[in-house]
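These notes concern the structure reproduced below.
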Amino acid sequence: MSICPKGKMSKSKRDKRKAQSWKIATPTLVSCSKCGELMRPHRACRACGSYNKKTVLNVD
Ligand SMILES: [Zn+2]
């Protein structure tokens, strides 16, 4: 016996799931606490090289 869906998924439920694709296309951005530049969360800032109020990258 294999796992099988109990019932047909409604158009609304199916389309709501498919509508999530924009979340992958547009990455989340936060502004740097040091310079205010937009950056990815949980990553060092590309503009000033800081992470968690400490400079972790060498920026020219
Ligand atoms: Zn910064």
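Note that the numbering runs from 1 along the sequence shown for the chain. Excluded from the calculations below are hydrogen atoms, water molecules and symmetry mates; all remaining heavy atoms, backbone and side chain alike, are included. Order of appearance sets the numbers: ligands from 1, and atoms from 1 within every ligand.
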**Message:** By the definition side-chain contact (heavy atoms from CB on, under 4.5 Å), identify the one residue from Cys32, Ser33, Ser31 that meets it with Cys35.
**Reply:**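 Filter result, single survivor: Cys32.
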**Prompt:** Given a cutoff of under 4.5 Å between side-chain heavy atoms of I, L, V, M, F, W and Y, with clusters grown through shared members, what are the other residues clustered with Ile24?
**Reply:**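 Its cluster partners, ordered by chain and number, are none at all.
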Check: residues 36-53 side-chain donor-acceptor pairs under 3.5 Å, at least two apart:
residue: Arg43; atom: NH1; partner: Pro41; partner atom: O; Å: 3.4

**Item:** Over all atoms of both residues, closest heavy-atom pair of Leu57 and Thr55
**Value:**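 In this case the closest contact between Leu57 and Thr55 is O-CG2, 3.4 Å.
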Tell me which donor-acceptor pairs under 3.5 Å the side chains of residues 7-16 have, and how far apart each pair is, sequence neighbours excluded?
residue: Ser10; atom: OG; partner: Lys13; partner atom: N; Å: 3.2

**Prompt:** Around the Zn ion (ligand 1), how many protein N, O or S atoms are there at under 2.8 Å?
**Reply:**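 The number of such protein atoms is 4.
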